Protein chains: 2
Amino acid sequence: MNKFNLIFKDLEEKIRQGIYQEGDLLPSENELTKTYDVSRETVRKALNLLLEHGYIQKQQGKGSIVLPTGQYQFPVSGLTSYKELERSQGIKGNTKVIVNDYLSFPDVLREESDMPEVAEVQYILRERLVNGEVLILDKDYFDPAIVPHIPTEVAEDSIYAYLEGVHHLDISYAKKTITVEPATTEDKELMQLQEPFVVVVRSDVYLDDTRLFQHTESRHRLDRFKFVEFARRRNV
Amino acid sequence: MNKFNLIFKDLEEKIRQGIYQEGDLLPSENELTKTYDVSRETVRKALNLLLEHGYIQKQQGKGSIVLPTGQYQFPVSGLTSYKELERSQGIKGNTKVIVNDYLSFPDVLREESDMPEVAEVQYILRERLVNGEVLILDKDYFDPAIVPHIPTEVAEDSIYAYLEGVHHLDISYAKKTITVEPATTEDKELMQLQEPFVVVVRSDVYLDDTRLFQHTESRHRLDRFKFVEFARRRNV
DNA sequence: CAGTGGTCTAGACCACGCT
DNA sequence: GCGTGGTCTAGACCACTGA
């Protein structure tokens, strides 16, 4: 791991533990330079990560102020797998694989994804349960030309950990959309819906080398859906 | 404007104009160093902005690849005012101010916002129309201890341009949530809703000095709501 | 191997806040 | 005036790609 990332993790940990509290000023960049025995630009790269994640706010002439980190923890936004969310948020959930099979290229990918047409895709349908309730239905489509076969045991655990850890795929970025759509019969059956709508989060997920390897359709019970984002203003 | 921002804007413009096309490699960092007559770190800051905005993908040993920039243009995510969205997306919309008045501190702020209790707030209710249809209802609450009075003419145009340009407030970051909620009578009347639900985007908006100055509740017709995000994977 | 991006350094000058 | 963060530089070494 590089230095600025280590410093970021260290400061993040100290903020989470309350060693630096809301409203406190972090040590100045010059002090951090000495503490970690690195150059100032390296300290600043670490502080920029804290800034982007909403941990601090910087003010010229004053210092870096620690922001409140509400009860919810990020990132509901971003590109994070469900298993990782569970871990970082302390949710205890269950995942049940309903389908794990190969399909000939389905229409939904033609319409909702940029994935180039291939003969067949690996299709995984999963239920996400929290406290015995099915809150999310996840439909994943993988391009088998890029992604090795994903066994059901892996799909019950973490697919991303498997692809990154075991097969060394470099998952890099995603294009996501969120819409609200009428619930299908499948939605109603599997999620025991009260409401006629579901929230649909669709993602095209890309590797480091810009290859599109996965499309995901994540269907949420709307009464339990909540998306949280920390956003910074940019020069428009 | 600083150098890396100027370089970013220049390269962004060239990508938008198709001077650099999807799949092309940008000139190498060394070449850009010469082109703009700056140091390499400065070039890299500009490229990082392109990276975060989803314009390029970098690969060690190869270069910076230009990504496709779909028809939709960001940022629907982030902290951008409706007027700015209109401009960057080429939407022609209308804004109609329904209410512009002072209220004693309303319950909704106690429940949905971190705004500290003050005697009264400025309340602005606006309709956003596109092609004659009301798509969004915006409810803004401003802390008058921080924000000068906002006249109705300004609310019909751009409040952020007014606060930043005229009063030099430094708008910095926001905490946002997206949920789906039952439509109120007001929603149904003003938006002529077919559906019993609306998408609600709530934001607490902060200044540079971490003061919370605004809460916004943006109520969307769910059949016309679409949220688009570009997300990068981070080390978890 | 040459060329690319990734990281890091030591130092400089500036703009801002506070006292 | 002093300490803070914001910007920029010139140079170094490393890891990776592709011929």
Side-chain angles (χ1 to χ4, degrees), chain A residues 1-11 20 23-52 55-67 168-170 172-173 207-211 232-235, chain B residues 1-11 20 23-52 55-67 164 168-173 207-211 232-235:
Chain A
M1 183 83 84
N2 50 38
K3 293 187 187 177
F4 66 81
N5 240 305
L6 290 171
I7 297 170
F8 163 62
K9 301 252 188 214
D10 190 55
L11 292 172
Y20 302 123
D24 284 358
L25 289 176
L26 288 187
S28 76
E29 296 180 352
N30 269 320
E31 288 176 52
L32 292 173
T33 285
K34 293 171 204 155
T35 306
Y36 294 104
D37 192 27
V38 295
S39 74
R40 195 170 147 227
E41 286 288 5
T42 300
V43 166
R44 287 177 55 75
K45 281 178 188 168
L47 293 181
N48 267 332
L49 290 176
L50 291 173
L51 194 81
E52 286 168 20
Y55 286 108
I56 63 169
Q57 174 66 10
K58 299 178 96 179
Q59 277 178 261
Q60 203 170 22
K62 279 187 108 169
S64 299
I65 302 165
V66 178
L67 296 179
H168 307 292
L169 294 186
D170 291 318
S172 181
Y173 60 97
L207 298 178
D208 199 45
D209 58 9
T210 77
R211 283 184 299 167
R232 287 199 171 269
R233 181 139 174 90
R234 303 193 178 278
N235 313 324
Chain B
M1 181 86 83
N2 50 37
K3 292 188 187 178
F4 67 81
N5 240 304
L6 290 170
I7 297 171
F8 163 62
K9 300 253 189 213
D10 190 55
L11 292 173
Y20 301 123
D24 284 358
L25 290 176
L26 288 187
S28 76
E29 296 180 351
N30 268 319
E31 287 176 53
L32 291 173
T33 285
K34 294 171 202 154
T35 306
Y36 294 105
D37 192 27
V38 295
S39 74
R40 196 169 146 226
E41 285 288 4
T42 301
V43 166
R44 286 177 56 75
K45 281 179 188 167
L47 293 180
N48 267 332
L49 291 176
L50 291 173
L51 195 80
E52 286 167 20
Y55 286 109
I56 64 170
Q57 174 66 9
K58 298 178 98 178
Q59 276 178 261
Q60 202 170 20
K62 279 186 108 167
S64 300
I65 302 166
V66 178
L67 296 178
E164 290 184 321
H168 306 293
L169 294 186
D170 291 319
I171 300 168
S172 181
Y173 60 96
L207 298 177
D208 200 45
D209 58 9
T210 77
R211 284 183 297 168
R232 287 200 170 269
R233 183 139 173 90
R234 304 193 178 276
N235 314 325

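Quantities reported herein were computed from a predicted structural model and do not represent experimental measurements. Here is the naming used below: chain letters follow the sequence lines, and residue numbers restart at 1 for every chain.
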- Task: Apply salt bridge (charged side-chain N to carboxylate O under 4.0 Å, His left out) to A/Asp170 and list each qualifying residue two or more places apart in sequence or on a separate chain.
- Result: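 Partners of A/Asp170 under the salt bridge (charged side-chain N to carboxylate O under 4.0 Å, His left out) test: none.
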- Message: For chain A and DNA chain C, what are the first and last nucleotides along the strand, 5' to 3', with at least one atom under 4.0 angstrom from a heavy atom of the protein chain?
- Response: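 Under 4.0 Å from chain A, the extent on DNA chain C is C/dT7 to C/dC18.
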- Item | Minimum heavy-atom distance between B/Ile56 and B/Leu51, given as atom pair plus value |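 Answer, listing the atom of B/Ile56 first, then B/Leu51: O-CD1, 3.6 Å.
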- Hey, which sits more toward the 5' end of DNA chain C by its nearest nucleotide, B/Glu41 or B/Leu26?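 Here B/Leu26 is the residue nearer the 5' end.
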- In terms of the nearest nucleotide of DNA chain C, which residue is placed more toward the 5' end: B/Lys58 or A/Gln60?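 Here B/Lys58 is the residue nearer the 5' end.
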Quickly work out the [X] [atom1] to [N] [atom2] distance and round it to whole Å.
| X | N | atom1 | atom2 | value |
| --- | --- | --- | --- | --- |
| B/Asp209 | D/dG5 | CG | C1' | 16 Å |
| A/Met1 | D/dA15 | CE | P | 17 Å |
| A/Gln57 | D/dG5 | CD | P | 13 Å |
| A/Asp170 | D/dC16 | CG | P | 11 Å |

- Message: What contact category does B/Glu31 fall into here, base, sugar-phosphate, or nothing, at under 4.0 angstrom with non-hydrogen atoms?
- Response: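 Result for B/Glu31 = sugar-phosphate.
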- Message: Before you tell me yes or no, could you show the steps for B/Leu11 and B/Tyr55 under side chain to side chain contact (heavy atoms under 4.5 Å, CB included), namely the whole-Å CA-CA distance, both residues' side-chain angles and the distance that decides it to 0.1 Å?
- Response: CA-CA 10 Å; B/Leu11 292 173; B/Tyr55 286 109; over 6 Å; no
- Query: Does a nitrogen or oxygen in the side chain of B/Lys62 sit under 4.0 Å from OP1 or OP2 of D/dG18?
  - Reply: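 Checking D/dG18 against B/Lys62, a side-chain N or O does come within under 4.0 Å of OP1 or OP2.
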- Measure the shortest side-chain to side-chain distance between B/Ser64 and B/Leu47 over non-hydrogen atoms and say whether it is less than 4.5 angstrom.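 Yes, close enough: below the 4.5 Å cut-off.
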- Message: Under 4.0 Å between a side-chain nitrogen and a carboxylate oxygen: does that hold for A/Lys58 and A/Glu29?
- Response: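 Salt bridge present between A/Lys58 and A/Glu29.
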- Message: Tell me whether A/Gln57 contacts the main-chain N or O of B/Asp209 through its side chain, where contact means a donor paired with an acceptor under 3.5 Å.
- Response: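 Not at all, since once roles are kept as given, no pair shorter than 3.5 Å links the two residues.
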